[in-house]
Amino acid sequence: MDILHVSAECFPVAKVGGLADVVGALPKYQNKLGIISKVILPYYDNSYIKNKKQESVYKSKLKLGSTSYSFEILELKTKLGFQLFLVKIPGLLDRENVYGYVDDTERFLSFQIAVLDWVVKSKAKPSVIHCHDHHTGFIPFMMSHSKKYKTLKNIPTILTIHNAQYQGQFGFDKLDYIPAFNQDKIGLLDWNNQINPLATAIKCAWRITTVSPSYLEELSIHANGLEYLLKHENQKSLGILNGVDTNVWDPEKDKLITKNYSVKTVQSGKKANKNYLCERFNLDRSKPLFSFIGRLVYEKGADLFSDIFYKSLLKNNASILVLGSGNKEVEAKLKSLNIPFKNSYNSFIGYDEVLAHQIYAGSDFLLMPSRVEPCGLNQMYALRYGTIPIVRRIGGLKDTVIDIGDGGFGICHDQSSVSDVVYSIDRAVEFYQNQAAFKKTRKKCMQIDYSWNKSAQEYLSLYKSLTN
Ligand code: GLC
């Protein structure tokens, strides 16, 4: 069995969020199960790509409306544990960032056309094409209804929804970008009078997966306008929880942290890592350290952070550290908290993979008060590093964290509100005072297995059900 994952991100080649971690790990675990799993993504202009050996495997031209572009498919020689292909479209895809350009519609549509132009010409066809999020959402439609891809009609397609908030909509004035298709099917492109790649994929993919079972349930209530559609397509949908790449996230071997540790040596290991963080960020090491890592956006509850932190720091004996970037107003507010809380608060505004590892290793608690969390990987990374997660019961957070009050290993609350999060921090501070229970729980956290092994098996069963 030969699987082709089509994605905009893949760690460590190009990462904006969790999508990259999943696409960078799942294929590796799938290959271990004996299937051949490959990845194709856009060729971005970044140093990871430029510094690796590349081999050209296909060259051609594609048309987007009336504009024609040359493109090339390159195989990037890496040691990632799966074959990696890149679509190079000079002037369109070869930019530094993954998203955020005015012509993202053109960029990702031409990416998808190039992928299928290559697949349709290649002798060995994949057994399944596995698409991730809206950037790859036209692939199932084009394979079923575009004349030039008619030989791909019988290849099963899967869409994995990592985040339904983003759908990539654009106007019907760009309809001619989509290669000639059976006009009776035009309705499949439409959602609320716009061309909507995510909605199109939900309608056309053979199967849909979401990155956790709870997220699938929640999508029929909150899906940024696609609730009805997702409810309607429920019989072909399945929630499969993401996993952790235990080679990348391993406190015993992680080269990015100050001191390695195992369950046995967690006490001294976490202490050394915490000392490093407290020194670097000028925080009092005697207090419990709470951290947040992620995008500073509404979905993550970031607009509530300054109020939460202000209230908690005023009354509690705690330190808080933030790593992330996003909304400029939130960033500014978070920076200003340094003034009243000099030795108990700090932030690093930006993205820094090395620092993220250090924070998982050196923190006592990780905060995730998300409004929406399709899966969430950070709580699983935290667990592996013996950092107790404090989460809102939503999406994948609900599926992976059990409250200490229910015999579990985390702290959970129901709402993404200032009062709920402050209350959880209060509970955590109190729990920290009972060092015996705290240390026992952190060992328990480290022993929970959320590796990809189980989920990779679930995807395999899904592929088998489609190819038999
Ligand atoms: C998106 C979601 C996140 C999920 C990740 C990987 O970034 O917001 O919850 O863990 O995709 O699937």
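Since we're looking at a predicted model, the values are computed, not measured. For ligands, and for the atoms within them, numbers begin at 1 and follow the listed sequence.
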Undergrad: For Gly18, take its heavy atoms, then give the atoms of ligand 1 lying under 4.0 Å from any of them.
TA: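 Listed by number with element, the hits are 5 (C), 6 (C), 7 (O).
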
Undergrad: Walk me through it: do Leu355 and Arg280 pass the test side-chain contact (heavy atoms from CB on, under 4.5 Å)?
TA: CA-CA 11 Å; Leu355 180 55; Arg280 176 166 168 191; 3.7 Å; yes

Undergrad: Provide the number and element of each atom of ligand 1 under 4.0 Å from a heavy atom of Leu19.
TA: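 Reading through ligand 1 atom by atom, the close ones are 5 (C), 6 (C), 11 (O).
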
Undergrad: Taking 4.0 angstrom as the limit, do Arg371 and Asp303 come out as a salt bridge?
TA: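 Here Arg371 pairs with Asp303 in a salt bridge, since their nearest N and O are under 4.0 Å apart.
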
Undergrad: Are there more than 12 heavy atoms of other residues, nucleotides or ligands under 6.0 Å from atom CD of Glu353?
TA: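 Result for CD/Glu353: enclosed.
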
Undergrad: Pick out which of Asn346, Asn327, Ile320, Leu296 makes a side chain to side chain contact (heavy atoms under 4.5 Å, CB included) with Leu334.
TA: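 Result for side chain to side chain contact (heavy atoms under 4.5 Å, CB included) with Leu334: Leu296.
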
Undergrad: For ligand 1, which atoms sit closer than 4.0 Å to a heavy atom of Asn163?
TA: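 In order of numbering, the contacting atoms are 8 (O).
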
Undergrad: Can an N or O of Glu299 be found at a distance shorter than 3.5 Å from an N or O of ligand 1?
TA: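 No; every N/O pair is 3.5 Å or more apart.
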
Undergrad: Which atoms from ligand 1 have a heavy atom of Val211 less than 4.0 Å away?
TA: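 Heavy-atom distances to Val211 below 4.0 Å select 12 (O).
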
Undergrad: Please could you name the atoms of ligand 1 that Val22 approaches to less than 4.0 Å, counting only its heavy atoms?
TA: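 Per the distance check, 6 (C), 12 (O).
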
Undergrad: Side chain or backbone, does Arg295 bring an N or O within less than 3.5 Å of an N or O on ligand 1?
TA: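 No, there is no polar N/O contact under 3.5 Å.
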
Undergrad: Kindly determine whether Asp254 and Asn260 satisfy side chain to side chain donor-acceptor pair (under 3.5 Å), including the steps that lead there.
TA: CA-CA 7 Å; Asp254 192 334; Asn260 291 115; 5.8 Å; no

Undergrad: So which heavy atom in the protein is nearest atom 11 (O) of ligand 1, and how far is it from that ligand atom?
TA: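 Closest protein heavy atom to atom 11 (O) of ligand 1: His162 CB, 3.4 Å.
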
Undergrad: Under 4.0 Å between a Lys/Arg side-chain N and an Asp/Glu carboxylate O for Lys38 and Asp2?
TA: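 Here Lys38 pairs with Asp2 in a salt bridge, since their nearest N and O are under 4.0 Å apart.
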
Undergrad: Less than 3.5 Å between some nitrogen or oxygen of Gly376 and one of ligand 1, yes or no?
TA: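 N/O-N/O distance below 3.5 Å exists for this pair.
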
Undergrad: Tell me whether Asp420 is salt-bridged to Arg392, with the criterion being a basic N under 4.0 Å from an acidic carboxylate O.
TA: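 So Asp420 does not pair with Arg392 through a salt bridge.
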
Undergrad: Only heavy atoms of Glu373, strictly under 4.0 Å: list the atoms of ligand 1 that pass.
TA: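 Reading through ligand 1 atom by atom, the close ones are 3 (C), 8 (O), 9 (O).
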
Undergrad: Which ligand 1 atoms are under 4.0 Å away from a heavy-atom of Asn242?
TA: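 Per the distance check, 6 (C), 10 (O), 12 (O).
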
Undergrad: Check this for me: does any side-chain nitrogen of one of Arg442 and Asp364 sit under 4.0 Å from a carboxylate oxygen of the other?
TA: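 Judged by the 4.0 Å cut-off on N to carboxylate O distance, Arg442 and Asp364 do form a salt bridge.
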
